[in-house]
Amino acid sequence: MRQHIETSGMQRRSWAVGGCLGLAIGCATYGWLVADAALAATLAGVYTVAIGLTLEHRSVVPLGSERAAGYDPWSGAWAVVVSLAALCGVGFWLPLAPGLRLALQLLVLGVGLAALQFGIGLVRSLPADERPEGEQVGAD
(Lines give C-alpha, C1' and ligand atoms only; values in the text may rest on other atoms or scores of the structure.)
Protein backbone atom coordinates (compact mmCIF):
# COMPACT_ATOMS: atom_id res chain seq x y z
CA MET A 1 0.00 0.00 0.00
CA ARG A 2 2.80 2.39 0.90
CA GLN A 3 4.53 1.82 -2.45
CA HIS A 4 1.26 2.63 -4.26
CA ILE A 5 0.97 5.89 -2.32
CA GLU A 6 4.59 6.83 -3.13
CA THR A 7 4.09 5.93 -6.80
CA SER A 8 0.89 7.94 -6.91
CA GLY A 9 2.72 10.95 -5.46
CA MET A 10 5.47 10.60 -8.05
CA GLN A 11 2.84 10.38 -10.80
CA ARG A 12 1.14 13.53 -9.59
CA ARG A 13 4.47 15.33 -9.48
CA SER A 14 5.36 14.17 -13.00
CA TRP A 15 2.05 15.40 -14.36
CA ALA A 16 2.24 18.66 -12.40
CA VAL A 17 5.69 19.39 -13.84
CA GLY A 18 4.49 18.34 -17.32
CA GLY A 19 1.43 20.55 -16.99
CA CYS A 20 3.43 23.57 -15.84
CA LEU A 21 6.00 23.21 -18.61
CA GLY A 22 3.34 22.50 -21.23
CA LEU A 23 1.39 25.57 -20.16
CA ALA A 24 4.56 27.67 -20.25
CA ILE A 25 5.35 26.45 -23.79
CA GLY A 26 1.79 27.17 -24.93
CA CYS A 27 1.77 30.65 -23.39
CA ALA A 28 5.22 31.48 -24.78
CA THR A 29 4.12 30.34 -28.22
CA TYR A 30 1.02 32.49 -28.08
CA GLY A 31 2.87 35.51 -26.70
CA TRP A 32 6.06 35.43 -28.77
CA LEU A 33 5.60 33.28 -31.85
CA VAL A 34 2.03 33.03 -33.15
CA ALA A 35 -1.11 34.61 -31.67
CA ASP A 36 -3.19 31.55 -32.47
CA ALA A 37 -5.01 30.12 -29.47
CA ALA A 38 -5.65 26.70 -31.06
CA LEU A 39 -1.98 26.16 -31.95
CA ALA A 40 -0.83 27.38 -28.53
CA ALA A 41 -3.34 25.13 -26.74
CA THR A 42 -2.32 22.15 -28.88
CA LEU A 43 1.35 22.76 -28.09
CA ALA A 44 0.51 23.05 -24.38
CA GLY A 45 -1.39 19.75 -24.46
CA VAL A 46 1.23 17.89 -26.50
CA TYR A 47 4.09 19.00 -24.27
CA THR A 48 2.11 18.31 -21.09
CA VAL A 49 1.61 14.72 -22.22
CA ALA A 50 5.15 14.32 -23.60
CA ILE A 51 6.87 15.70 -20.51
CA GLY A 52 4.52 13.98 -18.07
CA LEU A 53 5.07 10.60 -19.70
CA THR A 54 8.82 11.18 -20.01
CA LEU A 55 9.00 11.77 -16.27
CA GLU A 56 6.78 8.75 -15.62
CA HIS A 57 9.10 6.53 -17.65
CA ARG A 58 12.39 7.82 -16.27
CA SER A 59 12.85 4.65 -14.23
CA VAL A 60 12.79 2.44 -17.34
CA VAL A 61 14.73 4.79 -19.61
CA PRO A 62 17.79 5.77 -17.57
CA LEU A 63 19.82 8.65 -18.93
CA GLY A 64 23.42 9.75 -18.58
CA SER A 65 25.76 7.66 -16.47
CA GLU A 66 22.97 5.27 -15.43
CA ARG A 67 22.49 4.11 -19.02
CA ALA A 68 23.78 0.66 -19.85
CA ALA A 69 26.99 0.53 -21.86
CA GLY A 70 26.60 0.35 -25.60
CA TYR A 71 24.76 2.20 -28.32
CA ASP A 72 21.06 1.81 -28.89
CA PRO A 73 20.33 2.25 -32.61
CA TRP A 74 16.60 2.75 -31.99
CA SER A 75 17.05 5.93 -30.01
CA GLY A 76 19.41 7.25 -32.67
CA ALA A 77 16.96 6.39 -35.45
CA TRP A 78 14.12 8.06 -33.54
CA ALA A 79 16.17 11.23 -33.07
CA VAL A 80 17.12 11.37 -36.77
CA VAL A 81 13.57 10.82 -38.03
CA VAL A 82 11.97 13.34 -35.68
CA SER A 83 14.70 15.93 -36.29
CA LEU A 84 14.43 15.54 -40.06
CA ALA A 85 10.65 15.92 -39.89
CA ALA A 86 10.89 19.04 -37.73
CA LEU A 87 13.84 20.78 -39.35
CA CYS A 88 13.58 19.71 -43.00
CA GLY A 89 9.86 18.96 -43.26
CA VAL A 90 9.03 22.40 -41.93
CA GLY A 91 12.04 24.00 -43.62
CA PHE A 92 13.01 27.54 -44.41
CA TRP A 93 11.85 27.24 -48.02
CA LEU A 94 8.19 27.00 -47.01
CA PRO A 95 6.36 30.32 -47.29
CA LEU A 96 5.71 30.66 -43.55
CA ALA A 97 6.35 33.45 -41.10
CA PRO A 98 9.37 32.66 -38.90
CA GLY A 99 7.25 32.48 -35.73
CA LEU A 100 4.78 30.08 -37.29
CA ARG A 101 7.61 27.93 -38.67
CA LEU A 102 9.21 27.63 -35.22
CA ALA A 103 5.85 26.84 -33.60
CA LEU A 104 5.22 24.07 -36.14
CA GLN A 105 8.72 22.69 -35.61
CA LEU A 106 8.08 22.62 -31.86
CA LEU A 107 4.81 20.82 -32.54
CA VAL A 108 6.53 18.13 -34.63
CA LEU A 109 9.23 17.63 -31.97
CA GLY A 110 6.61 17.42 -29.21
CA VAL A 111 4.47 14.93 -31.10
CA GLY A 112 7.58 12.84 -31.77
CA LEU A 113 8.49 12.80 -28.08
CA ALA A 114 4.91 11.98 -27.07
CA ALA A 115 4.79 9.15 -29.63
CA LEU A 116 8.00 7.68 -28.22
CA GLN A 117 6.57 7.81 -24.72
CA PHE A 118 3.30 6.20 -25.86
CA GLY A 119 5.36 3.35 -27.34
CA ILE A 120 7.20 2.88 -24.05
CA GLY A 121 3.86 2.92 -22.25
CA LEU A 122 2.48 0.27 -24.58
CA VAL A 123 5.40 -2.05 -23.82
CA ARG A 124 5.14 -1.36 -20.09
CA SER A 125 1.42 -2.24 -20.17
CA LEU A 126 2.11 -5.74 -21.49
CA PRO A 127 1.97 -8.59 -18.99
CA ALA A 128 5.41 -9.24 -17.49
CA ASP A 129 5.86 -12.53 -19.35
CA GLU A 130 5.18 -10.86 -22.72
CA ARG A 131 7.61 -7.95 -22.32
CA PRO A 132 10.69 -8.07 -24.55
CA GLU A 133 13.05 -6.80 -21.78
CA GLY A 134 15.43 -9.75 -21.74
CA GLU A 135 15.21 -10.45 -25.46
CA GLN A 136 18.33 -9.96 -27.53
CA VAL A 137 17.14 -7.96 -30.50
CA GLY A 138 18.83 -9.00 -33.72
CA ALA A 139 20.49 -12.08 -32.21
CA ASP A 140 19.95 -15.13 -34.38
Side-chain angles (χ1 to χ4, degrees):
M1 177 77 170
R2 181 177 174 94
Q3 183 180 7
H4 174 69
I5 293 170
E6 291 173 11
T7 304
S8 178
M10 288 173 40
Q11 288 174 344
R12 276 191 286 248
R13 206 168 326 146
S14 297
W15 287 104
V17 170
C20 289
L21 291 174
L23 184 61
I25 290 169
C27 290
T29 298
Y30 187 83
W32 291 322
L33 298 178
V34 180
D36 183 307
L39 179 58
T42 301
L43 272 168
V46 165
Y47 275 94
T48 295
V49 169
I51 293 169
L53 287 174
T54 299
L55 293 174
E56 284 292 312
H57 298 154
R58 68 183 176 272
S59 64
V60 295
V61 184
L63 302 173
S65 61
E66 297 175 12
R67 181 142 177 121
Y71 172 72
D72 180 9
W74 291 109
S75 63
W78 170 82
V80 168
V81 168
V82 172
S83 297
L84 280 173
L87 301 175
C88 295
V90 187
F92 291 106
W93 49 86
L94 291 178
L96 300 171
L100 178 58
R101 179 180 299 111
L102 181 56
L104 291 175
Q105 289 172 331
L106 287 172
L107 182 61
V108 171
L109 291 171
V111 168
L113 179 59
L116 174 68
Q117 297 307 320
F118 283 132
I120 292 170
L122 286 170
V123 171
R124 289 183 77 186
S125 70
L126 290 172
D129 60 337
E130 293 181 26
R131 291 185 190 171
E133 293 176 46
E135 182 178 323
Q136 291 292 327
V137 177
D140 292 325

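As a basis for the values below, the full set of heavy atoms in this structure was taken, side chains included, without hydrogen atoms, waters or symmetry mates. Positions are given from 1 along the sequence.
A donor-acceptor contact shorter than 3.5 Å links the side chain of Tyr47 to the backbone of Leu106. A donor-acceptor distance shorter than 3.5 angstrom exists from the side chain of Trp78 to the backbone of Gly112, with no hydrogens or angles considered.
Applying the side-chain contact (heavy atoms from CB on, under 4.5 Å) rule to Leu21 yields the partners Val17, Ile51; only residues at least two apart in sequence or on another chain are considered. Looking at residues two or more places apart in sequence or on another chain, you find a side-chain contact (heavy atoms from CB on, under 4.5 Å) between Leu96 and Val90, Leu94, Leu100, Arg101, Leu104. Residues forming a side-chain contact (heavy atoms from CB on, under 4.5 Å) with Ala114 (at least two apart in sequence, or on another chain): Ala50, Phe118.
In plain terms, the two heavy atoms of Ala103 and Val34 that are nearest each other are CB-CG2, 4.2 Å. For the pair Gly26 and Ala44, the tightest heavy-atom approach, listed with the atom from each and the gap, is CA-CB, 4.0 Å. Looking at every heavy atom in both residues, Leu102 comes nearest to Leu33 through CD2-CD2, 3.7 Å. Across every non-hydrogen atom of Asp36 and Leu39, the tightest pair is OD1-N, 2.9 Å. Taking all atoms of both residues into account, the shortest heavy-atom contact from Ala40 to Tyr30 is CB-CB, 3.7 Å. Contact between His57 and Gln117 at its shortest, heavy atoms only, is ND1-OE1, 2.8 Å.
For the atom pair Cys27 SG and Trp32 CH2, the distance stands at 10.0 Å (nearest 0.5 Å). Rounding to the nearest 0.5 Å places OG1 of Thr54 at 7.5 Å from CD1 of Ile120.
If you chain together hydrophobic residues whose side chains sit under 4.5 Å apart, Ile25 and Val108 fall into the same group.
Side-chain contact between Leu53 and Trp15: present, with at least one pair of heavy atoms (C-beta onward) separated by less than 4.5 Å.
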